[in-house]
Amino acid sequence: MKKTWLLGFGFFSISITWALYNGFVPFFLDRFITSTALIGFMMTIDNYFALFLQPWIGSRSDRTSTRFGKRMPYLLIGMPLAALFVALIPWYTSLITLVLFMVLMNLSMSLYRSPTVALMPDITPEPQRTKANGIINFMGGIGSILAFAGGSYLYKSHPALPFVTAAILTLICLLILVRSIREKRDALSPNIAAAGKSAFSFKGEWTRPTIFLLAAVFFWFFSYQGVEALFSLYGKHQLGLKESDAAFSLAFFSLLFVLAAIPAGWLGHRFGKKRIILIGVAGLTAVFAAITMVETLLPLRLLLVAGGICWALININSYPFVIGLGKEQSIGTRTGMYYLVSSLAAISSPPLMGYLVDLFDYSAVFYTASAGMLIALLLLLGVKDRGLSRPSGPEQSITDTGTASTGQ
């Protein structure tokens, strides 16, 4: 698992950048735009590019072959570019330059997000992937905590400091990954390492269980992405919190996500991914519904604590569940499919929730989020996983569509 911990630095850099983006960029936009719906749309305009790039890059990385491996070339290009543009965001001079830096940063991140995620199953046997996903998301959660807590402290000194710090950390993480991960050395099987040359049907990956599961993924990300993008404004306008206090409150959610990440992976391995995800979705539905009745800071943060635990149960097990429904040589493709769905949620959720806020008030954010989680719960109940979510022992192979899974 040493390589998994080191790979976690890739997730660390992604999480700290996204958390800062969602936590503080709405405040920059708020200085130019009065409509919450339009702010929500501006927060997702970059995802229109990611919508097309991430599935294509994930699939292309399955077929890439270089001396650096098949995933690492995308990290070597994308991470330095992302570091540059995230550092530039707070130095905007107008709405046009702000949006330009936002788009360029997110385009750069789209180059390496799917390949970074796909590296985990590349170097991890299938029975260990929920545990490995817990570890790398633990690292990602630490990044989110630093972004919301440390970022809030730095933001008080100067709005640019959190973003410059994130850029430096991204470059450091890239150096760690380049020095520690050697794809040709660390791939579990030479045949699997060369899986990009194996033929498989992209259309054939869209099986009925996959469609139901990805639909559920869409709705729980719809709820989560909308809340994350608008929460800081919710805290400021609905609860009357200071900007820094509103952003800091999300650190409670992220902290419990971090603490629950590794146990969530173990629970998914022990009791089955689907069962644990169901518990998490039901719990987060209740949490979002309860927040609509909260008017003070303490109960809000206590509910965010519970929400972080539930989100860990969902998020840690969902990606291994999606790739477990397919074949080993399609890992990059399925990773792209996973991010295609999450990008669609990111595109549709904040502007829709923002529009409902404009029509009603900020309580619409959490009413909509709880409804989205309930739909996800119903869709997940329709997933026929053919045993893929059942716990698997160290020697057990997972089979689906007639193909044995032997690890990456």
Side-chain angles (χ1 to χ4, degrees), residues 51 55 58 117 121 126 129-130 133 200-227 264-265 267-289 307 309-328 330-331 333-349 352-353 366-392 396-403 405:
L51 183 67
V117 174
E126 199 285 333
R129 286 175 185 166
T130 50
N133 207 38
F200 68 94
S201 169
F202 176 78
K203 182 179 179 181
E205 295 300 315
W206 294 89
T207 60
R208 185 179 183 276
T210 299
I211 291 171
F212 267 82
L213 179 55
L214 288 178
V217 169
F218 171 85
F219 278 102
W220 68 57
F221 269 109
F222 178 92
S223 298
Y224 173 78
Q225 295 278 8
V227 167
L267 288 169
H269 175 75
R270 176 66 179 84
F271 298 105
K273 304 179 192 68
K274 179 179 174 180
R275 182 180 302 173
I276 298 304
I277 294 173
L278 281 169
I279 293 171
V281 172
L284 201 52
T285 303
V287 166
F288 285 161
I309 296 172
C310 294
W311 184 240
L313 297 178
I314 299 167
N315 200 36
I316 299 305
N317 291 286
S318 60
Y319 172 64
F321 198 3
V322 169
I323 63 171
L325 288 172
K327 302 176 181 179
E328 291 295 308
S330 66
I331 284 175
T333 299
R334 281 187 162 258
T335 302
M337 292 163 61
Y338 181 79
Y339 282 109
L340 167 66
V341 170
S342 63
S343 293
L344 282 170
I347 287 169
S348 57
S349 178
L352 176 58
M353 288 192 183
F366 285 99
Y367 282 120
T368 307
S370 59
M373 295 302 298
L374 181 60
I375 295 171
L377 180 66
L378 296 175
L379 286 165
L380 189 59
L381 289 172
V383 175
K384 305 294 184 182
D385 54 37
R386 302 179 187 177
L388 282 168
S389 68
R390 292 196 299 266
S392 48
Q396 182 179 353
S397 292
I398 304 298
T399 58
D400 185 48
T401 63
T403 301
S405 173

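The CG atom of L267 lies 12.0 Å from the CD1 atom of I277; values are rounded to the nearest 0.5 Å.
By the ring-ring contact (aromatic ring centres under 6.0 Å, His included) test, Y319 pairs with Y338, sequence neighbours left out. Considering only residues two or more places apart in sequence or on other chains, T130 meets the side-chain contact (heavy atoms from CB on, under 4.5 Å) condition with H269, K273, N317, P320.
In plain terms, the two heavy atoms of V117 and P121 that are nearest each other are O-CD, 3.3 Å. Heavy atoms only, all atoms of each residue included: I279 and L313 are closest at CG2-CD1, 4.0 Å. What you find for F222 and M353 is that their closest heavy atoms are O-CE, 3.8 Å. Shortest non-hydrogen contact noted between C310 and G280 is CB-O, 3.5 Å.
Among residues at least two apart or in separate chains, side chain to side chain donor-acceptor pair (under 3.5 Å) pairs with a member in residues 208-222 are T207-T210, T210-R334.
The closest side-chain heavy-atom distance from M337 to L214 is below 4.5 Å.
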Expected list for residues 367-383: side-chain donor-acceptor pairs under 3.5 angstrom, two or more places apart:
from : atom 1 : to   : atom 2 : distance (Å)
T368 : OG1    : A364 : O      : 2.7
S370 : OG     : F366 : O      : 3.1
S370 : OG     : Y367 : O      : 2.9

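Under the 30°/60° scheme for interplanar angles, the aromatic rings of F221 and Y224 are found to stand perpendicular.
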